[in-house]
Amino acid sequence: MKIVIKLFAGLRDRAGTGDFFVELPSGATVKDAIDTAQHNAPKEWTAPISLMAAINNEYVGFNAVLSDGDELALIPPVSGG
Amino acid sequence: MKIVIKLFAGLRDRAGTGDFFVELPSGATVKDAIDTAQHNAPKEWTAPISLMAAINNEYVGFNAVLSDGDELALIPPVSGG
Amino acid sequence: MIIITEQPLDPKVLTGAVREDTDGAVITFEGITRNHNDGRGVEYLEYEAYRPMADEKLQELIDEIKDRWEIDKVAVAHRIGRVDIGELSLVIAVSAAHRRPAFEATLHFVDRLKEVVPIWKKEYFEGGEVWIGDPGSERTTA
Amino acid sequence: MIIITEQPLDPKVLTGAVREDTDGAVITFEGITRNHNDGRGVEYLEYEAYRPMADEKLQELIDEIKDRWEIDKVAVAHRIGRVDIGELSLVIAVSAAHRRPAFEATLHFVDRLKEVVPIWKKEYFEGGEVWIGDPGSERTTA
């Protein structure tokens, strides 16, 4: 299945892109997607501490199971305001 | 000695005046001034609960001693804001 | 900045007076004439101040919250005279490097203002009038 | 009212959007770009938002404080893109019949916004830049 990965802020800078697709086997979790994304991005990157994940705009744990076509956002520490 | 008494809000309405003089013996206290003022005003009035007093713009207790020329403000419950 | 005036209040003047480049947070509190109080309809309010004592007490409150919280500047304006529904009677602006002390200081300022600043509010409700806090002053106009 | 925009923020728009005749209190919080942070000079900030998730989370926070406190209306605006020193990055306005819930709800809103709303701030300081909360992102331009 195909997942859209979105990276933001310092994470996007590290990976060299903000938006890309990964191919994953059915039943893959957020953690699997992150592992794959770390190698698929233009630059290899390591996750910052306190990384959060959201599937289709809702926060999820790293064990959440992905579905085909999901948008997975990897969210470094937020700092709005 | 001569003291200026100032009354405000509901107190002024009750007494029928906001500003008047009372003559008091030397050594008189705020309480003495209030007693005198209750009879000297155009209308006799009774003090509301929670009445506060200020001499020359500073809050004082009812036992504070007055001096000639003092301005004594009788302050019913405040309600600014 | 301390303003006691019969004119309508403009929050922008107060907020502008406290905002500095070192500040990360500005709180503006607006006290407004509500159309109801104690379960009855309010028509308008009338405020009276004992000046200059009111000005002095406001300055003391500014000093008090500056002593107690890490805040920068404070500006306060209180309207007197008639204040219609939806109009501002009180505006306070407080600036600070960080938000939490600004919130705490502003709330404390309003609480204390209502205890010690010699300003009074007369409520004109449907069918009568009363000085707030002084129930014996109520008059009905029925 | 939820606004995420690259344009300068106008607090008056938000305050005006929440003020009703039933309200006795309106709190307006302004978050401002300070000229210093962590002991060093700041030149400007740059904000980035993940939309529409940021909009959705702001709406959830509005619902959350309305559930928890006796408040009336809430309006929030966050600026994105470059924000210079002294400019507003965040404005929140909350109206209520009484002041205390308005203060508590507004402070809680800002606290939660900084935890869950996907908006990021890059600080351009003297000699470098860093995404706030992500020290590993720091770069010096010396």
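Here is how names work: the chains are called A, B, and so on, in the same order as the sequence lines, proteins then strands, and each is numbered from 1. This structure is a prediction, so every number in the text was calculated from the model and none was measured.
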Side-chain heavy atoms of Leu90(D) within contact of Leu113(D), under 4.5 Å = yes

Heavy-atom closest pair, residues Leu88(C) and Val83(C) | O-CG1, 3.9 Å

If you look at every heavy atom in Ala49(D) and Ile4(D), which pair is closest and at what distance?
-> CB-CG2, 4.4 Å

Between Ala102(C), Ala25(C), Gly86(C), which residue shows the highest count of heavy-atom pairs closer than 4.5 Å to chain D?
-> Ala25(C)

Select one option (side chain, backbone, both, neither) describing which atoms of Ile92(D) are under 4.5 Å from chain C's heavy atoms.
-> neither

I'd like a table of the N/O donor-acceptor pairs between chain D and chain C - cut-off under 3.5 Å, distance only.
{"unit_1": "Arg19(D)", "atom_1": "NE", "unit_2": "Glu30(C)", "atom_2": "OE1", "d": "3.2"}
{"unit_1": "Arg19(D)", "atom_1": "NH2", "unit_2": "Glu30(C)", "atom_2": "OE1", "d": "2.7"}
{"unit_1": "Asp21(D)", "atom_1": "O", "unit_2": "Asn35(C)", "atom_2": "N", "d": "2.8"}
{"unit_1": "Thr22(D)", "atom_1": "O", "unit_2": "His36(C)", "atom_2": "NE2", "d": "3.2"}
{"unit_1": "Gly24(D)", "atom_1": "O", "unit_2": "Ile32(C)", "atom_2": "N", "d": "2.9"}
{"unit_1": "Val26(D)", "atom_1": "N", "unit_2": "Glu30(C)", "atom_2": "O", "d": "2.9"}
{"unit_1": "Val26(D)", "atom_1": "O", "unit_2": "Glu30(C)", "atom_2": "N", "d": "2.8"}
{"unit_1": "Thr28(D)", "atom_1": "N", "unit_2": "Thr28(C)", "atom_2": "O", "d": "2.8"}
{"unit_1": "Thr28(D)", "atom_1": "O", "unit_2": "Thr28(C)", "atom_2": "N", "d": "2.8"}
{"unit_1": "Glu30(D)", "atom_1": "N", "unit_2": "Val26(C)", "atom_2": "O", "d": "2.8"}
{"unit_1": "Glu30(D)", "atom_1": "O", "unit_2": "Val26(C)", "atom_2": "N", "d": "2.9"}
{"unit_1": "Glu30(D)", "atom_1": "OE1", "unit_2": "Arg19(C)", "atom_2": "NE", "d": "3.2"}
{"unit_1": "Glu30(D)", "atom_1": "OE1", "unit_2": "Arg19(C)", "atom_2": "NH2", "d": "2.7"}
{"unit_1": "Ile32(D)", "atom_1": "N", "unit_2": "Gly24(C)", "atom_2": "O", "d": "2.9"}
{"unit_1": "Asn35(D)", "atom_1": "N", "unit_2": "Asp21(C)", "atom_2": "O", "d": "2.8"}
{"unit_1": "His36(D)", "atom_1": "NE2", "unit_2": "Thr22(C)", "atom_2": "O", "d": "3.2"}
{"unit_1": "Arg99(D)", "atom_1": "NE", "unit_2": "Asp111(C)", "atom_2": "OD1", "d": "3.1"}
{"unit_1": "Arg99(D)", "atom_1": "NH2", "unit_2": "Asp111(C)", "atom_2": "OD1", "d": "2.7"}
{"unit_1": "Arg100(D)", "atom_1": "NH2", "unit_2": "Asp111(C)", "atom_2": "OD2", "d": "2.7"}
{"unit_1": "Asp111(D)", "atom_1": "OD1", "unit_2": "Arg99(C)", "atom_2": "NE", "d": "3.1"}
{"unit_1": "Asp111(D)", "atom_1": "OD1", "unit_2": "Arg99(C)", "atom_2": "NH2", "d": "2.7"}
{"unit_1": "Asp111(D)", "atom_1": "OD2", "unit_2": "Arg100(C)", "atom_2": "NH2", "d": "2.7"}

Val117(D) and Leu58(D): which non-hydrogen atoms are nearest, and at how many Å?
-> CG2-CD2, 3.9 Å

State, to 0.1 Å, how close Ile119(C) and Ala54(C) come at their nearest heavy-atom pair, and which atoms those are.
-> CG1-CB, 4.2 Å

Closest-packed option against chain D by number of heavy-atom pairs under 4.5 Å, given Val42(C), Ile27(C), Leu107(C) | Leu107(C)

Would you say the ring centroid of Phe103(C) lies under 6.0 angstrom from that of Phe29(D)?
-> yes

Working for side chain to side chain contact (heavy atoms under 4.5 Å, CB included), residues Val94(C) and Val26(C) | CA-CA 6 Å; Val94(C) 174; Val26(C) 172; over 6 Å; no

What option among Gly31(C), Ala93(C), Ala97(C) has the most heavy-atom pairs under 4.5 Å with chain D?
-> Ala97(C)

At what distance, to the nearest 0.5 angstrom, does CG of Leu45(D) lie from CD1 of Ile80(D)?
-> 14.0 Å

